[in-house]
Structures are given as C-alpha cells and as structure tokens.
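A short worksheet on the structure shown next.
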Amino acid sequence: MNNYRSHLCSELSLDNLNQKVILSGWADTIRDHGNLLFIDLRDNYGITQCVIDGKHELFSEISNIGNESVIKVIGTVVKRSDETINKNLKTGDIEIKIEEFELLSKANTLPLPVNSDIEYGEEVRLKYRFLDLRRNKLHSNILLRNKIISDIRKKMINIGFTEFQTPILTSSSPEGARDYLVPSRIHQGKFYALPQAPQQFKQLLMIAGFDKYFQIAPCFRDEDSRADRSPGEFYQLDFEMSFVTQDDVFNAIEPVLYEVFNENKKNTNIKVSDYPFKRIPYNESLEKYGSDKPDLRNPLIILDYTSVFQNSNFKIFSNQIEKGAVVKGIIVKNTANQPRSFFDKLNNWAREEGAAGLGYISFSDNKFKGPIAKNLNDDQLSALKLGENDSIFFICDELKQAQIFSGYVREKICIELSLLNKDSFEFCWIVDFPMFEIDEKTNKLQFSHNPFSMPQGEMNSLETMDPLEIKAFQYDIVCNGVELSSGAIRNHKPEIMYKAFELAGYSKDDLEKKFSGMLNALKFGAPPHGGSAPGIDRIVMLLADEPNIREVIAFPMNQQAMDLMMDAPAKIDKERLEELGIKLIDKN
RNA sequence: GCGGGAGUAGUUCAGCUGGUUAGAACGCUGCCCUGUCACGGCAGAGGUCGCGGGUUCGAAUCCCGUCUCUCGCGCCA
C-alpha cells in the first residue's frame, strides 16, 4: 500500500464505513472547538472532513498545524449523524475519525488565503502563484486547460494528423513581431531567435511529405500585452495540411473546434454554433459588423444609408457625402419609447469617443421622431425601413472610420441594452482578406497579412489586377468576437512569390536573402498546402469564461513581461556576459 | 511611447470639502468553547498611508514629480 494514502480526498463514502484509511493533503480549513476539532483535508480531487476528540493524545499537536500545512491522517471512516451531513461536499456523508497523524510539511502564515474565492491583487497572486494555483478557480481552470489540450490532441490524431516538435532555438524572422533573441556562445555576436510561430517549419514538414502536421506549439513574441494577449509566450494549435484548398482546411478543423467547445462548455445550456461555420468575406464583415472579428452573439447589423442622405436636406451628412463620406446606420428594435436620456447618453458617449455625435430617428405610432427626421422627406424616411418602435442610429464619416466607429456603436448599444446572447459560442470564418494594403505612413504597398499566402487567382491576378483588389487565401477564425487564429493557403510556387514580393517592394535578392531556406525548399517539389493555428489560451479563456488570459495560464508573466515568482528577467553575471561576448550599454 | 484607473496593517478594503491617538473584515498571537463545515466568544499584536518634494499652524486627504500594478491605444505580418 502507498505510504501516504489509501484513498483520495474525493472518494470515500458510506461504502467505506468502518474502514481504516490513510489520507494525505492540505489542511484547507481548521475548526477548533476546544475539545473537538475538524480539519477539511484537501487534495487535487476533493475534500474530506477529519475529526479528532479533545481527549486524544494528539489533540494539542494537531490544533497547532495551521492552514495549508500538509498532513497525513490515519483513521476510520465513520457515518455522520443525519443533522451533520454536508450536502455541499461529495464526501459529506462521512468523516474520518483521526487516530494517527503526521505533519509532512508545515506552512507559514499565508500571504493570501487559499480557502476562499475572494479576489486578490495580482502582484501577490503572481508572486505566490503556487498558492493561487491551489485555490478553486485557478486550480479548475488549469485542469480544464489540460483537459482541452488533451482532447485536441486526441481528436487531431484521430483524424490523421501527426504531432511534431520544431526547434525553439531558431533564426530571427525579418517580418512580423519582435523576436526574443538568445546569444550564441560558440558564434560570438550572433543570435538565435525564439520562434514567433513554427510557420516555416510546418511548411517545410509539408514539403518533406508528412501530409498532415500539428503541434501544441509554444510561440514567442516580444510585444506588449493585452488582457487577452499574454506577453512573451503563448500556445497555438498549429496545424498544416497538404493537397488542400481553403474549404478542406475548414472542413478538417471545424469538427475539432465544435467538439472541443461542446464537450468542455461550462453548462449544457450553452449552444455551440453548428458547422460548417459562417464564412464572412472581410469586406462584408467590416460593412455589417464594423470589425474583422465580429461577435455574432450581438444581433445588431450595420447597414449603408449613404444613398438616403445623398441629396437630402440634412446638410451635415449630404455635404460630407459630397466629400466622399458614407453614412452607416444601425436599427435597434423596441427602443422608440426609450426616454430622451437614453439617446442623449449615447450621443455624449459618441462625443467622448471623438465622434461628432450620434444622430438618430425613431419610429412609433406612424411618426418619425428625433433631431434628424425633419430633414428627410417621406421617400427618404420610408427607405430607412423602420418597423414599429424601431430606432436607427447614424454614423457619417470617411469609409474606414465610419466602419470602425459603427462597430463601436454596435457594441456599445448591445451592452447598454443587454442584447448579447451569453449562452452561445458563435463561430465564423472571416475570408478573402486583401493581399496588399497601403502603408499609411509611407504610402507604399505592403502585405496586409502573411506574405506567404497564395493570392486568389495566383500569377494572373498579380500580373493583371489592381494590387489593392487582390484577395488572398487568407482567413481568420473568430468566436464570440475573439480572434482565435489566422491561417492561409500558402504560396508554394517561387515565381508567384517573387512577383508578390516585387509588388511589395522587395527585389528577388531581398527575398532570397531573407527567406532562403523556405524559398529553396519550394524549388524541390512542394505540395499545395495550407493550415491555421487557433490560440489555445484564448480557447481556454472562452471555455472557462475568463476575461483575462493570465487566469488560464499556470505561470504567466505580468503585464510588464516579468515573472514575479521566478524573478525573470534578471541580471546576468559579468562572467557569463563576457563568455558570450556581450557588453551592456547604458541607454540613459 | 501615449491615455484612463489604482497604490492605506500579512491580505481585501473604508477613511467626505485638510483637523486629536488612521479604522473594519479576514489572517496572526493568547485565552474560552464537544458537531462545526466561512464554527463561535473574549483579549492582543500588527501601519514611514508607494517614494520624493511643495502648499499649510496642520497632509493618507490639496499641488508637482517619480515608481509600481492594471485596462486601453500604438505594436502584435
């Protein structure tokens, strides 16, 4: 028998009555009645109440152990009397009558309590992460995370993917995020970089003929954090497939995501959108939702009303339209009877956000109301297509600004009126991203996403179309307004790549210098291939219903990319720096 | 780099327009308590009010600077 335990803290019941058992765990709460003492003993699996009588010789010793000390208890399983049964505990029908106990590890006074769910400051929680991880919420989040990862792994293998490992010490990539650099001792003055993603490696594995690759891949990017963006490192379900079109990629991963969400959702009321998921072209997403990561739980839709206002008497809009602006509108049902303050509040909010205001028209009892209504004639008003009790809010600006701000308005009104359907996971693909865009600073053409994506229409498009009109086989998967990943069908033909880079201002030489490995590989027989890489941390965030990514990572860094527990990053001894040939300079 | 919020006991927080000795809860220490499950009761210890400067007879409170945490923007192909 195991020296420390015969059973787990979750598994004893009336079936075990009168058995002598050994349990080990943490003293979660200790209730000392002077001549009677209860200990809730906790392990990874559950809690079991242990009791000792004041007459027992170990009583005084056990009454001094302190919360979170680790103890081993030997005792007998006894039935609780009817009035002392605890229905909140799985083991609440029984308790352990302590006969012997051993203090395995004494705990000092705690810097934060483990046995309560009260919110605590992050600095303390991160510094004592091992204590925070003992607490209910984090403990179950991390268990959920590991369940999700293991489910993903099983499903990917089941549908024929092969799991790989790719290098952590690799070379710096010229495009994209800042790299984390690692100095080389052997090659003084040279650096490895940690991979931002195993992008090139997975493509090389396709070229190597492995057909279907996946990896729960660590990715490293030296960029500033957000609530949903962990600084430094994060994980992706990175996958890639050979001999596929965009639809083949979607068809492969949709069931995996659907099942992972459906099998790990918090309660059975939650509905996961059925696959195939909606496919929304990038431009349509900006038009209808004002975002390239729309939250489809929000029922509001943005429509275009430029033509209604174009020749109207509402000069504020019609003058702007003449200068090239557009008018967007959002119809909101059952709001015509909202008090004036509702509309004023939104208008004030819009002004605070930097907009000129938020005009509106309401329709009820066959009458159009609101400050703009009197400027439109009957034809124009009926073109709004308002139903009884509807209101419509207008945004007028240059196209891109109007789209973005309409997106904010859509979100704001949804929050104000609590229109979000919280019991659902709404997936969609955003497809047909533009291949190129204009860099606003330099006015030059640049790649809008991954430069290795295949342009739709391939060489023909690059040679004949306006570059800004060319779409790429580039797609994002979005769930509840969270961008889970982007992916693409890759460009596997060197001549198309030379041409695409040429349009973005890179010479053949530039390309060969920067991406020689990849480019070289494409010259020796590369299959058409593509894939994607949904973010694991964000999937867990959604399923755990956590607003902050640190709540689903066992050992996260703080916003400043510091590990407060391990004290990283840290200064390095002079000797080590010398060995690496590194001299620090004082930037101040 | 820029903007918002925060920083008071080990912890979570209160502390008004400046005014005696800066409070509460949890935790901690001691005593009492045989059926609790956030056990209860009594007593006690514990604070450079982030740091520096200023205004004032007097600053946790007002002003300036600075540091730290956090949220957002930039950034993240």
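Excluded from the calculations below are hydrogen atoms, water molecules and symmetry mates; all remaining heavy atoms, backbone and side chain alike, are included. Order of the sequence lines sets the chain letters (A, B, ...), proteins ahead of strands, with each chain counted from 1.
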field: Derivation of the side-chain hydrogen bond (donor to acceptor under 3.5 Å, both in side chains) call for Ser448(A) and Glu437(A)
entry: CA-CA 5 Å; Ser448(A) 60; Glu437(A) 63 189 12; 4.5 Å; no
task: Check step by step if salt bridge (Lys or Arg N to Asp or Glu O under 4.0 Å) holds for Arg31(A) and Asp40(A).
output: CA-CA 9 Å; Arg31(A) 295 178 292 279; Asp40(A) 285 343; 3.0 Å; yes
- request: Assign Pro451(A) to base, sugar-phosphate, or nothing according to its heavy-atom contacts below 4.0 angstrom with the strands shown.
  value: base
message: Let's test this: given Watson-Crick or G-U wobble pairing with both distances under 3.5 Å, identify the partner of rC49(B).
response: none
query: If we take the C1' atom in both rC62(B) and rC49(B), what is their distance in whole Å?
result: 15 Å
message: What is the distance, to the nearest angstrom, from the OH atom on Tyr408(A) to the C1' atom on rC73(B)?
response: 9 Å
task: Using the ring-ring contact (aromatic ring centres under 6.0 Å, His included) rule, take Phe436(A) and Phe447(A) through it: C-alpha gap first, then chi angles, then the decisive distance, then the call.
output: CA-CA 4 Å; Phe436(A) 301 100; Phe447(A) 290 107; 5.4 Å; yes
task: Give a yes or no on whether a donor-acceptor pair under 3.5 Å exists between the nucleobase atoms of rC76(B), that is its base, and the side chain of Arg229(A).
output: yes
Euclidean distance, atom CZ of residue Arg135(A) to atom P of rG27(B) [Å, nearest integer]: 14 Å
Separation between the C1' atoms of rC67(B) and rG74(B), rounded to whole Å: 23 Å
message: Using atom C1' in both nucleotides, what's the gap between rC13(B) and rG54(B) to the nearest angstrom?
response: 30 Å
- prompt: Checking all strands, does Arg221(A) fall into the base, sugar-phosphate, or nothing category for heavy-atom contacts under 4.0 angstrom?
  reply: sugar-phosphate
message: Can you classify the ring geometry of Trp429(A) versus Tyr475(A) as parallel (below 30°), tilted (30 to 60°) or perpendicular (above 60°)?
response: perpendicular
message: Classify Asn115(A) by what it touches in the nucleic acid, base, sugar-phosphate, or nothing, heavy-atom distance under 4.0 Å.
response: nothing
task: Please report, rounded to the nearest Å, how far the P atom of rC69(B) is from the CG atom of Leu126(A).
output: 10 Å
task: State the pairing partner of rG35(B); accept Watson-Crick or G-U wobble contacts with both distances under 3.5 Å, and report none otherwise.
output: none
field: Rounded distance in Å - CD (Gln446(A)) to P (rA77(B))
entry: 12 Å
- line: Whole-Å distance, Asp476(A) CG to rA77(B) P, equals 11 Å
task: Quick one: label Gln559(A) by what it contacts on the DNA or RNA (base, sugar-phosphate, nothing), any heavy atom closer than 4.0 Å.
output: base
- prompt: Between CG of Asp93(A) and CD1 of Ile85(A), what distance do you get to the nearest 0.5 Å?
  reply: 5.0 Å
query: Does rG18(B) have a Watson-Crick or wobble mate here (both distances under 3.5 Å), and if so which one?
result: none
message: Classify Gly121(A) by what it touches in the nucleic acid, base, sugar-phosphate, or nothing, heavy-atom distance under 4.0 Å.
response: sugar-phosphate
task: Give one of base, sugar-phosphate or nothing for Ser448(A), where a contact means two heavy atoms less than 4.0 Å apart.
output: sugar-phosphate
task: Determine the Euclidean distance between corresponding C1' atoms of rA59(B) and rC16(B); express it in Å to zero decimal places.
output: 15 Å
- request: Decide yes or no, distance alone: a donor-acceptor N/O pair under 3.5 angstrom between the base of rG35(B) and the side-chain of Glu95(A).
  value: yes
- request: Look at the side chain of Asp224(A) and the base of rG74(B), then say whether one donor and one acceptor between them are separated by less than 3.5 Å.
  value: yes
query: Crowded around Asn136(A) CG? As in, over 12 foreign heavy atoms under 6.0 Å?
result: no
query: Taking atom C1' in both rC64(B) and rU56(B), what distance in whole Å separates the two?
result: 16 Å
query: Any stacking of His33(A) on rC39(B), going by centres under 5.5 angstrom and planes within less than 30 degrees?
result: yes
message: Does the structure show a Watson-Crick or G-U wobble partner for rG58(B), both distances under 3.5 Å? Name it, or say none.
response: none
- request: Starting at atom CD of Glu123(A), determine the distance to atom P of rG10(B), rounded to an integer number of angstrom.
  value: 15 Å
- prompt: To the side chain of Asp53(A), which of rU34(B), rC75(B), rC37(B) is closest?
  reply: rU34(B)
field: Whole angstrom value for the distance that separates P of rA77(B) from CD of Gln236(A)
entry: 10 Å
- request: Give Lys55(A) one of three labels, base, sugar-phosphate or nothing, depending on what nucleic acid heavy atoms sit under 4.0 Å from its own.
  value: base
C1' spacing across the pair rU20(B) / rU66(B), given as an integer number of angstrom: 32 Å
Euclidean distance for C1', rU11(B) against rC75(B) (whole angstrom): 36 Å
query: When all nucleic acid strands are considered with a 4.0 Å heavy-atom cut-off, which category describes Met435(A): base, sugar-phosphate, or nothing?
result: nothing
task: Mark yes or no for a side-chain to base donor-acceptor pair under 3.5 Å between Arg80(A) and rU36(B), with no hydrogen or angle criteria applied.
output: yes
message: Pairing check on rC2(B): which nucleotide meets the Watson-Crick or G-U wobble criteria with it, both distances under 3.5 Å?
response: rG72(B)
query: Nearest to the side chain of Arg226(A), which nucleotide is it out of rG10(B), rC75(B), rC69(B)?
result: rC75(B)
task: Determine the Euclidean distance between corresponding P atoms of rG47(B) and rC63(B); express it in Å to zero decimal places.
output: 29 Å
query: Would you say a side-chain N or O of Arg31(A) is under 4.0 Å from OP1 or OP2 of rC39(B)?
result: yes
message: Between Glu11(A) and Arg5(A), is the salt bridge (Lys or Arg N to Asp or Glu O under 4.0 Å) condition met? List the steps.
response: CA-CA 12 Å; Glu11(A) 59 183 358; Arg5(A) 54 191 183 188; over 6 Å; no
query: For the side chain of Gln560(A) and the base of rU68(B), is some donor closer than 3.5 Å to an acceptor across the two?
result: no
message: Between Glu119(A) and Gly176(A), which residue's closest nucleotide on RNA chain B lies nearer the 5′ terminus?
response: Glu119(A)
task: Specify the separation, in whole Å, of atom CD of Glu83(A) and atom C1' of rC37(B).
output: 14 Å
message: Need one value for Ser116(A): base, sugar-phosphate or nothing, where a base atom within 4.0 Å counts as base even if backbone is also close, heavy atoms only.
response: nothing
- prompt: Do the rings of Phe452(A) and Phe515(A) sit parallel, tilted or perpendicular, given the 30° and 60° boundaries?
  reply: perpendicular
message: As a test of reading the structure: which of rG35(B), rC75(B), rC71(B) is closest to the side chain of Gln49(A), going by heavy atoms?
response: rG35(B)
- request: Considering just the side-chain nitrogens and oxygens of Asn558(A), establish if one lies under 4.0 Å of OP1 or OP2 belonging to rC69(B).
  value: yes
task: Would you tell me if any nitrogen or oxygen in the side chain of Arg550(A) comes within less than 4.0 Å of OP1 or OP2 on rC71(B)?
output: yes
- prompt: Who is the Watson-Crick or G-U wobble partner of rA24(B), with both distances under 3.5 Å?
  reply: rU12(B)
- request: Report the residue (Phe447(A) or Ile30(A)) whose heavy-atom-nearest nucleotide on RNA chain B is the more 5′ of the two.
  value: Ile30(A)
query: Are there more than 12 heavy atoms of other residues, nucleotides or ligands under 6.0 Å from atom OH of Tyr235(A)?
result: no
message: Mind checking if Asn548(A) touches a base, just sugar-phosphate, or nothing, with heavy atoms under 4.0 Å?
response: sugar-phosphate
task: Quick one: closest heavy-atom pair of Arg550(A) and Glu122(A), and the distance?
output: NH2-OE2, 2.5 Å
message: Less than 4.0 angstrom between a side-chain N/O of Asn35(A) and OP1 or OP2 of rG35(B), yes or no?
response: no
